Every structure is written in C-alpha cells, then in structure tokens.
*Asks:* 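One structure, as structure tokens, below. Some questions next.
Residue numbers count from 1 along this sequence. What you see is a predicted model; the values in this text were computed from it and never measured.
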Amino acid sequence: MKIAVTGASGLVGAALVPALEAAGHEVLRLVRRRPASTQELEWDPRAGTIDAAGLAETDGAVHLSGATIGRRWTEARMTEILDSRVKSTRLLAETLATLDPRPSALVCAGGIGIYGDRGDEILTEESELGGGFLSDVGRAWESACEPARTAGIRVVNLRAG
C-alpha cells in the first residue's frame, strides 16, 4: 500500500513512518520544503498548494501536521494553531477527493481537547463536545475533513491526548 503522511518528522510521525515501512508499506512524506527524494512530496498549506499528481494512486493518507500547542498562547499563536490544522486538513481532504482512484481512507490527527476540561469524567466518542478554544479548534479541524468524507473516503478523526 502507498500511504501519504503529513507531519512525518513530528513526534507521532517519526514513529509511525518506520512502522509503516517495516510492515511493507510505501510511505510518501508530504514536506514543506524542497523534496530530497522521490518519497517526498512538497506542499504548502499556508499557500494552499499541493502536488495532486504526486498523490496519485495513494491508498490512504495520515494527516499529523499542525502547530504545537505546547507554547504560550498569544492571540497570534492561537490563530496559528487553528489555521495550521484547518487549512492543511481542508487542502489535503479537498485534494484527496479529486483523485481518481480516490484513496480509501484519511486518518486525521485530532485532540481530546475537543471535549473541553472535564476533570476525571470518563469520555467516549459519544460524549458531548466541550467548549473553549481547543474544543472550537477540534470542531473546525474535524469539519475540514468533510470534502474527503463527501467524496466517499473513509475518514477517521483520531482524538488523542
């Protein structure tokens, strides 16, 4: 299987890519710089550009990129956190939706912050979503996957913490 991965050099991606390759998958890394190999594809979520032809015949995509939330939240930083997730997700979802054949799945990173601060409450996928900045980001992030879902691509929103 050929799997496209954004955020391949991040915390999760750095572990996921070698695991996928060890399992025999071909991994195409989407990078925000000039590609250094044929296993890399340049994209620029801020500019809204991606090489759709380079994604041809991918079987699936894993979207892990986004600005870290582990820094001081200024207004500018909060805008960056939101935009880095929503714009990149929308660009990827819209592009995957145009491919023929389409990939079968899009796994999109997400966060447990979508549930808000609930203390020790046990939460499931059926739990009500919370309020506040991270909840708003989570909703917008998951909504940005809609073009892929509408095109018949299975979308998995991974709510990790």
*Asks:* How long is the gap from OG1 on T98 to CG on L55, to the nearest 0.5 Å?
*Replies:* 8.5 Å
*Asks:* Tell me yes or no: between the side chains of E146 and T150, is some donor less than 3.5 Å from an acceptor?
*Replies:* yes
*Asks:* Kindly check if the number of other-residue, nucleotide or ligand heavy atoms within 6.0 Å of CZ (R118) is above 12?
*Replies:* yes
*Asks:* If I compare all heavy atoms of A148 with all of L106, which pair ends up nearest, and what's the gap?
*Replies:* CB-CD2, 4.0 Å
*Asks:* Provide the closest heavy-atom pair for P18 versus G13 in the form atom of the first, atom of the second, distance.
*Replies:* CD-O, 4.1 Å
*Asks:* Can you find a pair of side-chain heavy atoms, one from R46 and one from K87, that are under 4.5 Å apart?
*Replies:* no
*Asks:* Tell me, yes or no, whether the heavy-atom count around R71 atom CZ, taken from other residues, nucleotides or ligands under 6.0 Å, exceeds 12.
*Replies:* no
*Asks:* Inspect the surroundings of CD in E57 and state if more than 12 heavy atoms from other residues, nucleotides or ligands are less than 6.0 Å away.
*Replies:* no
*Asks:* If every non-hydrogen atom of T89 is compared with every non-hydrogen atom of C145, which pair is closest and at what distance?
*Replies:* CG2-SG, 3.5 Å
*Asks:* Which pair of heavy atoms, one from V86 and one from A140, lies closest together, and at what distance?
*Replies:* CG2-CB, 3.6 Å
*Asks:* Are I114 and I69 in one and the same hydrophobic cluster, where Ile, Leu, Val, Met, Phe, Trp and Tyr link if side-chain heavy atoms are under 4.5 Å apart?
*Replies:* no
*Asks:* Looking at CD1 of I50 and OG1 of T95, how far apart are the two atoms once the value is rounded to the nearest 0.5 Å?
*Replies:* 4.5 Å
*Asks:* Measure the CG-CD distance between L28 and E26 for me, rounded to the nearest 0.5 Å.
*Replies:* 7.5 Å
*Asks:* When clusters are formed by joining ILVMFWY residues with side-chain heavy atoms under 4.5 Å apart, either directly or through shared neighbours, do L64 and L30 land in the same one?
*Replies:* no
*Asks:* Could you check whether any side-chain heavy atom of L20 comes within less than 4.5 Å of a side-chain heavy atom of V5, counting everything from C-beta outward?
*Replies:* yes
*Asks:* In terms of hydrophobic clusters joined by side-chain contacts under 4.5 Å, are I112 and V137 together?
*Replies:* no
*Asks:* Nearest 0.5 Å, what's the OG1-CH2 distance between T49 and W43?
*Replies:* 10.0 Å
*Asks:* Could you tell me which non-hydrogen atom of L91 sits nearest to which non-hydrogen atom of G48, and how far apart they are?
*Replies:* CD1-O, 3.6 Å
*Asks:* Quick one, W141 with N157, criterion side chain to side chain contact (heavy atoms under 4.5 Å, CB included). Give me CA distance, side-chain angles, the key distance, then yes/no.
*Replies:* CA-CA 9 Å; W141 196 358; N157 294 108; over 6 Å; no
*Asks:* Shared ILVMFWY cluster between V31 and L92, side chains joined below 4.5 angstrom?
*Replies:* no
*Asks:* Check whether the side chains of E126 and T124 place a donor and an acceptor atom closer than 3.5 Å, and report yes or no.
*Replies:* yes
*Asks:* To the nearest 0.5 Å, what is the distance between CG (L16) and CD (E21)?
*Replies:* 9.5 Å
*Asks:* Count the heavy atoms of every other residue, nucleotide or ligand shown that sit under 6.0 Å from CD of E121, and state whether that count exceeds 12.
*Replies:* yes
*Asks:* V107: which residues meet the side-chain contact (heavy atoms from CB on, under 4.5 Å) condition with it, sequence neighbours left out?
*Replies:* V62, V156
*Asks:* Hey, is E142 close enough to R159 for a salt bridge, meaning N to O under 4.0 Å?
*Replies:* yes
*Asks:* Do other residues, nucleotides or ligands put more than 12 heavy atoms under 6.0 Å from the CG atom of D117?
*Replies:* no
*Asks:* Decide yes or no on side chain to side chain contact (heavy atoms under 4.5 Å, CB included) for R77 and T68, but give the supporting numbers first.
*Replies:* CA-CA 9 Å; R77 183 66 182 161; T68 181; 3.0 Å; yes
*Asks:* Using modelled atom types and a 3.5 Å cut-off, is there a donor and acceptor pairing between side-chain atoms of D59 and backbone atoms of K2?
*Replies:* yes
*Asks:* Nearest 0.5 Å, what's the CG-CG distance between L129 and L123?
*Replies:* 10.0 Å
*Asks:* Strictly distance-based, threshold 3.5 Å: is any side-chain N or O of S135 a donor or acceptor partner for the main-chain N or O of G113?
*Replies:* yes
*Asks:* Side-chain heavy atoms under 4.5 angstrom apart, residues restricted to Ile, Leu, Val, Met, Phe, Trp, Tyr: same cluster for V155 and L158?
*Replies:* no
*Asks:* Using atom types as modelled and distance alone, determine if a side-chain donor or acceptor of R85 lies under 3.5 Å from a backbone N or O of A67.
*Replies:* yes
*Asks:* So, for P147 and A97, which heavy atoms are closest and what is the spacing to 0.1 Å?
*Replies:* O-CB, 3.5 Å
